[in-house]
Amino acid sequence: MGRYAVFGQPIAHSLSPRIHAAFGAQLGIALDYRAIEAGRDGFAARVAAFARDGGRGANVTLPLKQDALVLCADLSERARRAGSVNTLIRVGDGWHGDSTDGAGLLRDLRERHGFDSCGRRVLLLGAGGAARAAAFAFADAGASELAIANRTFDRAAELAQAIGDAARAVALDELEALGRFDLVVNATAAGHAGTSAALPRSLLDADALCYDLSYGKAAQAFLDAARRAGASRASDGLGMLVEQAAESFAVWHGTRPETAAVYAALREG
Ligand code: NAP
């Protein structure tokens with residue numbers, strides 16, 4: 001039976017083992033997918049032990065996505081650009097690193113929220129690993145404008161510069177002056193501390209979508225801020241979680257699972 005895992009800290013409440021077990025059952029693929037607790041100190045040793053035990057692939061989550069980069073013998077283009085790895089694939093004696101976050105986000109936006117990013121104005125909050133993956137995915141999808149705001153402005157500026165003409169860094173205290181957006185994405189970890197950037201009402205078009213990459217309690221502060229700003233459509237990132245998992249599953253097993261039933265089951269709790 002193929003061995004797979006998700007590494008992170010904290011990891012006990014990860015939904016990934018449940019998601020991958022459901023995908024495997026759906027497609028008749030026997031797999032053993034476990035959650036392995038690892039902080040930054042012990043990560044490399046735990047991944048090496050996992051490889052010795054026959055591990056074929058792994059997901060990597062907070063706080064390890066940048067550490068995973070340096071474990072890899074080579075990287076996909078999307079992982080290299082994002083500067084973060086959420087998917088490890090065993091190839092020979094080493095790891096190939098990939099990033100499925102951007103593709104998972106775009107697919108959730110398109111399939112579950114009917115949002116096509118091409119030609120749309122997008123405001124992205126955050127400049128960490130997930131924000132970088134999202135930013136390149138929006139640029140590739142043809143977003144007409146990508147404004148990036150982050151607590152540490154220089155990281156937003158560096159990301160906007162890496163993307164090029166379609167992107168610009170904006171200050172968090174200037175959001176009111178930016179005009180209206182079709183999509184506002186929160187890719188910060190602020191929600192884990194129960195906070196969110198304030199969203200001025202002037203940001204949102206009548207049918208604008210507000211989207212937090214986090215889910216559960218961590219998404220609440222941003223979703224509340226979105227509703228206060230008049231958003232009629234606001235979503236957490238549970239759909240992205242399922243879609244990035246399906247993308248990783250496809251990389252490992254060569255076939256993409258259906259996600260609707262798994263998503264519905266997770267929503268029910
Ligand atoms: P990361 O690389 O650590 O980046 C964290 C980002 O959040 C940075 O932009 C950081 O700003 C900002 N931030 C952290 N604490 C903040 C606070 N108290 N106030 C304002 N900004 C704050 O993390 P990541 O991997 O990008 O993950 C970001 C979020 O996306 C997490 O909540 C994660 O759970 C979620 N996520 C969800 C999925 C999914 O599948 N649904 C996938 C990936 C990530 P500075 O640059 O100033 O430090």
Side-chain angles (χ1 to χ4, degrees), residues 6-11 13-16 18-20 39-40 43 59-69 78-79 81-87 97-109 111-113 123-138 147-160 162 169-173 175 184-199 210-223 225 235-249 259 262-263 266-267:
V6 58
F7 291 86
Q9 190 171 59
I11 204 66
H13 299 294
S14 170
L15 297 171
S16 294
R18 184 173 160 197
I19 294 172
H20 281 274
R40 298 193 62 192
F43 177 51
N59 287 125
V60 178
T61 186
L62 287 172
L64 304 170
K65 289 186 183 180
Q66 273 81 34
D67 299 83
L69 268 183
R78 57 190 183 178
R81 290 194 307 177
S84 110
V85 162
N86 78 336
T87 306
D98 197 2
S99 169
T100 64
D101 283 336
L105 171 61
L106 284 196
R107 187 181 274 256
D108 186 47
L109 287 171
E111 306 287 321
R112 232 165 247 112
H113 301 284
L123 172 62
L124 178 64
L125 305 175
R132 289 186 68 90
F136 283 104
F138 285 130
I148 305 170
N150 189 48
R151 178 177 64 178
T152 309
F153 178 82
D154 287 355
R155 292 184 83 194
E158 193 271 325
L159 175 55
V170 297
L172 276 167
D173 58 9
L175 296 185
V184 178
V185 174
N186 182 33
T188 76
H192 292 281
T195 62
S196 165
L199 302 178
C210 291
Y211 188 100
D212 196 329
L213 267 51
S214 307
Y215 44 88
K217 274 190 191 153
Q220 204 53 55
F222 175 78
L223 296 179
S235 174
D236 70 5
L238 189 66
M240 173 183 171
L241 179 77
V242 177
E243 297 303 334
Q244 62 79 31
E247 197 78 13
S248 295
F249 191 97
T259 55
V262 177
Y263 173 76
L266 291 178
R267 268 284 169 237

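All values below were derived from every heavy atom in this structure, side-chain atoms included, with hydrogens, water molecules and symmetry-related copies excluded. Every number for a ligand or one of its atoms is a count from 1 in the order of the listing. Since this is a predicted model, take the numbers as computed values, not measurements.
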Engineer: Would Y263 and D108 count as having a side-chain donor-acceptor pair, cut-off 3.5 Å?
Structural biologist: no

Engineer: Rounded to the nearest 0.5 Å, what separation is found between the CD atom of Q9 and the CG atom of L64?
Structural biologist: 7.5 Å

Engineer: Is there any salt bridge (Lys or Arg N to Asp or Glu O under 4.0 Å) pair reaching into residues 187-199, and which pairs are they, with sequence neighbours excluded?
Structural biologist: none

Engineer: Without hydrogens or angle criteria, can the side chains of T259 and R107 be said to hold a donor-acceptor pair below 3.5 Å?
Structural biologist: no

Engineer: With a 4.0 Å heavy-atom cut-off, what residues sit around ligand 1?
Structural biologist: L62, K65, D101, G126, A127, G128, G129, A130, N150, R151, T152, R155, A187, T188, A189, A190, H192, L213, S214, Y215, G237, M240, L241, Q244

Engineer: Please check if any side-chain donor atom of S248 sits under 3.5 Å from a side-chain acceptor atom of N59, or the reverse.
Structural biologist: yes

Engineer: Determine whether the side chains of N186 and T188 contain a donor N or O and an acceptor N or O closer than 3.5 Å.
Structural biologist: yes

